[in-house]
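Below is one structure; the comments refer to it alone.
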Amino acid sequence: MSASIQAIRGMHDVLPEESPRWQWVERVFREVSERFGYEEIRPPLVEAAQLYVRSIGESTDIVGKEMYVFTDRAGEELALRPELTAGVVRAVVQHGLLARRSLWRLWYYGAAFRYERPQKGRYRQFHQYGVECIGSPYPESDAEVILLAVAVLRELGIADYRLQLNTLGSPAVRQRYRTALVAYLESVREKLSPESQLRLERNPLRILDSKDERDQALLRSAPLLIEYLDAESREHFEALCRMLQQQGVPFELNPHLVRGLDYYTHTVFEFVSSRLGAQNAFGGGGRYDGLVESFGGPPTPAVGFSFGVERLLLLLPERTPDGAVEIYVARAEVEPEVALSLLEELRRAGYRAVGDLQRRSLKAQLREADRLGARLAIILGRTEWQQRRLVLRDLRNGQQWECPVQELGEHVRRILQR
Ligand code: HAM
């Protein structure tokens with residue numbers, strides 16, 4: 001026997017028993033996006049690697065260590081997308097969307113790839129749902145995307161989370177702060193963890209969210225970005241905080257939140273849950289006022305976020321999503337054609353209905369109906385069918401009764417409450 005071929009490490013199949021949960025969250029993404037007036041955009045899975053180098057940043061972990069990069073047959077350097085924001089902004093610029101309309105509300109859903117060490121909630125192929133609101137510099141647009149994220153979580157029944165908020169200020173503020181932070185960290189360099197010592201050259205701001213306890217202790221005396229903010233950045237951030245409070249959205253300020261992508265300016269935020277273990281952030285986003293222009297578009301402010309769908313699924317409450325079979329048509333000594341016709345009629349009326357395809361005993365068929373979670377079984381028995389009567393069984397309580405064929409509709413509607 002030859003060796004079996006397995007899925008790539010960190011890349012997972014969604015098996016039929018899991019897909020109802022996926023379909024349900026996907027339905028919620030679409031419905032909530034539409035409720036907020038967002039339109040769907042679908043950029044490709046593969047882009048020029050340079051797209052990510054120029055936006056996420058060369059010195060970030062995502063671009064430096066985690067990107068799937070390859071050369072195609074024409075010698076072009078391509079990458080599997082590690083996130084979707086860069087592709088969305090590229091598409092907006094390439095197709096001149098901003099010449100048609102000065103504000104775009106966009107949402108997307110799809111796979112992304114990062115070569116990370118797989119563990120609970122961290123995969124090499126994962127899925128993101130997100131939105132990008134492109135064209136407004138005002139804090140009400142930051143508030144809108146956060147309210148949309150909160151609406152998705154409410155709809156999914158996820159309540160046990162915290163929203164963390166910070167501001168990085170303008171690029172000039174960030175640069176001044178970076179200089180001050182590096183000066184401080186240089187003075188304690190020897191005491192930093194080896195990883196943070198490496199980051200000091202490449203990406204010093206990321207040291208702020210180091211999990212190492214020694215680093216954490218040293219950071220308590222580090223300068224804070226908030227002390228370097230200019231009046232405009234401060235006003236923007238305070239206005240956003242006020243709006244969220246007004247709308248009853250709880251949040252906490254985390255002055256060490258910097259995020260792992262270079263394109264952010266001003267607002268950054270993350271959704272975290274202690275139920276996820278080490279990978280506690282299940283969503284994140286922020287403002288990126290310079291990105292559209294850096295891709296050759298007109299200067300255009302923007303803000304957005306993404307959820308990691310696998311992490312959302314880990315947080316979902318146990319509940320039976322819809323989509324399950326409603327009616328099972330069982331057959332005892334009646335021709336298969338009779339069952340086919342009845343099934344067709346039920347499906348045309350909009351019911352999710354299945355029947356037996358293996359010519360099994362009535363007992364086995366009813367066991368299958370239970371396994372599928374059907375609410376109602378319609379049993380075609382030989383003597384009853386000769387009198388054009390059907391046997392109905394309510395599978396929740398086992399109650400069984402008969403009815404003439406022409407009354408079936410009424411009974412089905414009553415049991416399924418339609
Ligand atoms: P991000 O924080 O890099 O932001 O990713 C967003 C979410 O994707 C994370 O919070 C996490 O739930 C999920 N995620 C990331 N890596 C993995 C992984 N290896 N396995 C499973 N889930 C993962 C962005 O990607 C930005 N584009 C968000 C954004 C949109 N900012 C502005 N607009």
Side-chain angles (χ1 to χ4, degrees), residues 8-12 25 29 33 38 41 43 47 51-52 55-57 60-68 79-90 92 104-134 141-142 144-146 148-149 152-153 158 161-166 168 206 209 257-273 275-292 301-316:
I8 306 298
R9 188 163 125 85
M11 306 201 181
H12 295 281
V25 299
F29 295 154
S33 306
Y38 282 65
I41 182 161
E47 300 266 4
L51 182 80
Y52 303 110
S55 53
I56 298 171
T60 60
D61 285 350
I62 299 178
V63 169
K65 301 191 205 159
E66 298 165 4
M67 210 151 63
Y68 279 90
L80 297 186
R81 63 187 186 195
E83 57 113 53
L84 280 81
T85 308
V88 167
V89 172
R90 187 226 10 94
V92 165
W104 287 87
R105 291 184 164 98
L106 302 170
W107 72 274
Y108 50 80
Y109 166 74
F113 304 83
R114 294 184 194 177
Y115 192 80
E116 295 193 77
R117 200 165 44 79
Q119 62 182 71
K120 180 183 166 197
R122 192 164 74 188
Y123 314 102
R124 289 182 174 169
Q125 175 178 311
F126 59 99
H127 295 76
Q128 286 190 338
Y129 158 78
V131 309
E132 311 296 347
C133 177
I134 300 175
S141 61
D142 307 42
E144 179 174 288
V145 301
I146 292 176
L148 190 159
V152 168
L153 297 174
I158 298 173
Y161 66 87
R162 287 169 300 138
L163 165 62
Q164 302 197 326
L165 214 57
N166 191 24
L168 303 175
R206 278 317 292 268
D209 60 18
L257 178 68
V258 289
R259 312 258 311 124
L261 306 92
D262 282 353
Y263 51 61
Y264 292 114
T265 54
H266 301 284
T267 316
V268 285
F269 55 92
E270 239 162 37
F271 290 90
V272 299
S273 168
R275 282 169 52 204
L276 286 172
Q279 304 306 316
N280 68 347
F282 61 91
R287 184 162 274 289
Y288 49 95
D289 289 347
L291 193 57
V292 176
V303 59
F305 77 88
S306 313
F307 281 139
V309 181
E310 284 79 358
R311 293 185 194 175
L312 281 182
L313 285 165
L314 287 171
L315 293 173
L316 277 193

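Just follow the structure's listing: the first ligand is 1, and inside any ligand the first atom is 1.
Side-chain contact between L106 and V92 is present, with heavy atoms from C-beta onward closer than 4.5 Å. Using a 4.5 Å heavy-atom cutoff, the side chains of E270 and L257 are in contact.
In terms of polar-atom proximity, defined here as any N/O pair under 3.5 Å, V131 makes no such contact with ligand 1.
R311 and S273 share no side-chain donor-acceptor pair at under 3.5 Å. At a cut-off of 3.5 Å, with distance as the only test, no side-chain donor of Q125 or H12 sits close to an acceptor on the other residue.
The residue from Y115, F126, Y288, Y264 that puts a heavy atom closest to atom 29 (C) of ligand 1 is Y264. Looking at R81, E83, R114 and measuring to atom 3 (O) of ligand 1, the nearest heavy atom belongs to R114. Ranked by closest heavy atom to atom 1 (P) of ligand 1, the top entry among R311, R122, R259 is R259. Which of G283, G121, G308, G284 comes nearest to atom 21 (C) of ligand 1 through a heavy atom is settled by distance: it is G121. Heavy-atom proximity to atom 28 (C) of ligand 1, evaluated over P82, S306, C133, is greatest for S306. Considering only non-hydrogen atoms, atom 33 (N) of ligand 1 lies nearest to E132 out of E132, E310, R287, R117.
Of the inter-residue distances, the one linking R114 atom CZ with R122 atom CZ reads 11.0 Å to the nearest 0.5 angstrom. To the nearest 0.5 Å, atoms CD1 (I41) and CH2 (W104) are separated by 8.5 Å. Here the CG atom belonging to L84 is positioned 12.5 Å from the OH atom belonging to Y129, to the nearest 0.5 angstrom.
Every atom of ligand 1 with a heavy atom of Y263 under 4.0 Å away is listed here by number and element: 26 (C), 27 (N), 31 (N). Shown in contact with A281 at under 4.0 Å from a heavy atom are these atoms of ligand 1, numbered in order with element: 10 (O), 11 (C), 12 (O). In summary, the atoms of ligand 1 found under 4.0 Å from a heavy atom of E116, numbered by their order in the structure, are 16 (N), 17 (C), 18 (C), 19 (N). Taking a cut-off of under 4.0 Å to the non-hydrogen atoms of F305, the atoms of ligand 1 that pass are 29 (C), 30 (C), 32 (C), 33 (N). If you number the atoms of ligand 1 from 1 as listed, the ones under 4.0 Å from a heavy atom of L261 come out as 3 (O), 4 (O).
Nearest non-hydrogen protein atom to atom 20 (N) of ligand 1 is Y123 N, 3.0 Å. Atom 6 (C) of ligand 1 has as its closest protein heavy atom Q128 NE2, 3.3 Å. Given atom 32 (C) of ligand 1, the protein heavy atom at minimum distance is G304 O, 3.2 Å.
Under the 30°/60° scheme for interplanar angles, the aromatic rings of F282 and F307 are found to lie parallel.
Contacts of Y108 with ligand 1, taken as heavy-atom pairs under 4.0 Å, involve the side chain alone.
Ligand 1 lies out of reach of G130, whose nearest heavy atom is not under 4.0 Å from it.
Checked options W107, Y38, Y108; the residue passing with E132 is Y108 (criterion: side chain to side chain donor-acceptor pair (under 3.5 Å)).
Atom OH of Y115 has 12 or fewer heavy atoms from other residues, nucleotides or ligands within 6.0 Å.
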